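Note that this is a predicted model, so its numbers are computed, not measured. Numbering of residues begins at 1 and proceeds along the displayed sequence.
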Amino acid sequence: MDFEIFKTGILKQPFDDTLGYILIYTLPLLEGLTILFLLIPRMQYYGMLLSLGLMLAFTTYVGLALGGAWEELPCGCGSVISWMNWKQHFWFNLCFTTLSGWGFYLVKLKRSSDAGDVTAEGVPA
């Protein structure tokens, strides 16, 4: 909710500032698109796909951090989950990644079943 705190948190992460600045502007855009797509029924498939992709990316990042990929791990988390340590954060993310994957699967099933409900108009078969 506070862009300056978000920006500072991203730039403290153990990757190049160039990537940091890309993330600072693309993450909120992708998160906003995800929300928008989830609210539009015919775009829900893409919203769930974006949600799953974002959760997979972030869970992978936390998993790599736990695996020792970087020496120092500053937390850039928002206030809602700032009380969690990295291990708790990983499990939290894994649960929501699983939920996102399940939601994507259900939307995909619904989408494929809806495709069979459409009949062609015009010339009889």
- Can you find a pair of side-chain heavy atoms, one from Leu11 and one from Ile24, that are under 4.5 Å apart? yes

- Task: Measure centre to centre between the rings of Tyr61 and His89, then say whether the value is under 6.0 Å.
- Result: no

- Message: To check you understand the geometry: which heavy-atom pair defines the closest contact between Met55 and Phe96, and what is its length?
- Response: CE-CB, 3.8 Å

- CZ/Arg111 to CG/Leu106 distance, rounded to the nearest 0.5 angstrom? 14.5 Å

- For Tyr46, which residues count as a ring-ring contact (aromatic ring centres under 6.0 Å, His included) partner, sequence neighbours excluded? none

- Query: When rounded to the nearest 0.5 angstrom, what is the spacing between CG in Leu50 and CD1 in Ile35?
  - Reply: 11.0 Å

- Task: Not counting sequence neighbours, list each pair that qualifies as a side chain to side chain donor-acceptor pair (under 3.5 Å) and has a residue in residues 91-104.
- Result: Ser51-Ser100, Thr59-Thr97

- Message: I need the minimum non-hydrogen distance between Pro28 and Phe6, along with the two atoms involved.
- Response: CG-CE2, 3.9 Å

Return all side-chain donor-acceptor pairs below 3.5 angstrom for residues 36-45, not counting sequence neighbours, or 'none' if the list is empty.
unit_1 : atom_1 : unit_2 : atom_2 : d
Gln44  : NE2    : Leu38  : O      : 3.2

- Message: Hydrophobic clustering (ILVMFWY, side-chain heavy atoms < 4.5 Å, transitive) - are Leu49 and Leu56 grouped together?
- Response: yes

- Over 12 foreign heavy atoms within 6.0 Å of CZ, Phe15: yes

- Message: If I compare all heavy atoms of Phe104 with all of Met48, which pair ends up nearest, and what's the gap?
- Response: N-CE, 3.3 Å

- Task: Please identify each residue that fulfils side chain to side chain contact (heavy atoms under 4.5 Å, CB included) with Gln88, with sequence neighbours left out.
- Result: Trp83, Met84, Asn85

- Tyr25 OH to Leu30 CG distance, which is reported to the nearest 0.5 Å: 15.0 Å

- At what distance, to the nearest 0.5 angstrom, does CG of Leu52 lie from CG of Leu99? 11.0 Å

- Task: Just grab all the side chain to side chain donor-acceptor pair (under 3.5 Å) pairs involving residues 14-24, residues at least two apart or on different chains.
- Result: Asp16-Thr18

- Note on the structure: So salt bridge (charged side-chain N to carboxylate O under 4.0 Å, His left out) across residues 86-110, not counting sequence neighbours, yields Lys110-Asp114

- Message: Using 0.5 Å steps for rounding, measure from the CZ atom of Phe58 to the OG1 atom of Thr60.
- Response: 11.0 Å

- Task: For the pair Val62 and Leu94, evaluate side-chain contact (heavy atoms from CB on, under 4.5 Å) and give the outcome as yes or no after the intermediate values.
- Result: CA-CA 10 Å; Val62 175; Leu94 195 57; over 6 Å; no

